[in-house]
Amino acid sequence: MIFSKILITISRIILPFLLMFGIYIILNGDISVGGGFQGGVIIATSYLLYYFIKGQHPFSLSKMLKIDKYLFIFLPVMVLISYFTRGYFFTNWFDLTYAYEIRRLFLVLLNLVIGLKVAIGFVSLFVVFIEEGNS
Amino acid sequence: MKRFKKIAVALFITLLMIQILLHFDYDETLYNTASQSYYVENGLEETSSKNLVTAIYLDYRLFDSFFEASLLLIVVTGIAFMTIKDEDML
């Protein structure tokens with residue numbers, strides 16, 4: 001599909017900044033506004049801009065669903081590690097005696113996983129709709 | 001007649017919103033703010049997160065956000081299952 005030149009040019013300008021903004025929101029989710037879900041949605045939107053530029057989508061749907069499933073296996077593993085280090089389920093890995101900078105690692109990692117999962121989920125939704133619209 | 005009905009419904013909804021806005025005073029004795037004050041006082045020390053929303057959804061209510069992620073996976077696979085016609089693609 002071919003879009004108008006104005007849309008393509010504006011998308012080319014916005015795309016890298018939008019990707020960077022999404023990564024920034026995910027990585028700074030615990031010290032400022034935002035978080036994993038919002039950053040993932042912004043990254044998925046940048047994928048939509050990529051589709052506007054190229055006119056085709058490069059990722060295959062089955063591979064993305066497979067990555068989504070593996071990430072969903074990875075998430076409870078990360079959540080349940082706290083049982084072996086602290087004795088409780090569904091909390092931080094590190095004790096209250098550790099420094100803030102070390103205990104922050106858990107939040108950043110979990111934000112990254114949730115952001116990746118949301119981005120892949122929304123991108124596969126977009127791919128489904130694009131294929132449905134083109135057929 | 002149909003237009004009058006629509007205008008009446010719109011007026012009724014606007015009146016309801018104005019009623020809610022008039023009754024919305026920031027009196028702390030009316031509302032229960034126990035959980036809010038607990039999060040504001042202990043959120044940073046217990047979860048090491050400066051953003052209280054992140055403190056809630058990644059530490060206090062991690063159980064909830066975990067199943068929210070599972071819900072997204074189920075929704076995406078369900079929509080893919082309903083729309084894709086190729087059998088060997090899934």
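Note that these values count all heavy atoms, side chains included, but never hydrogens, waters or copies made by symmetry.
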Considering only heavy atoms and a distance below 4.5 Å, find which of [options] pairs most often with chain B.
options	value
A/Asn92, A/Leu125, A/Thr91, A/Leu107	A/Leu107
A/Gly36, A/Gly35, A/Pro76, A/Gly34	A/Pro76
A/Leu71, A/Ile120, A/Leu110	A/Leu110

Need one label for [X]: side chain, backbone, both or neither, based on atoms under 4.5 Å from any heavy atom in chain A.
X	result
B/Leu52	neither
B/Tyr57	side chain
B/Glu68	side chain

Take the angle between the ring planes of [X] and [Y] and call it parallel below 30°, perpendicular above 60°, tilted in between.
X	Y	answer
A/Tyr47	A/Phe59	parallel
A/Phe72	B/Phe66	parallel
A/Phe21	A/Tyr24	parallel
A/Tyr51	A/Phe3	perpendicular

What part of [X] is in contact with chain B, defined as an atom under 4.5 angstrom from a non-hydrogen atom: side chain, backbone, both or neither?
X	result
A/Ile114	side chain
A/Ser32	backbone
A/Val118	both
A/Leu96	side chain

Considering only heavy atoms from C-beta outward, does the side chain of [X] approach that of [Y] to under 4.5 Å?
X	Y	answer
A/Val108	A/Leu27	yes
B/Glu46	B/Tyr38	yes
A/Leu109	A/Val113	no

Highest number of heavy-atom pairs under 4.5 Å with chain A among B/Asp59, B/Leu73, B/Val53 belongs to B/Leu73
When rounded to the nearest 0.5 Å, the distance separating CG of B/Leu58 from CZ of A/Phe106 is 6.5 Å
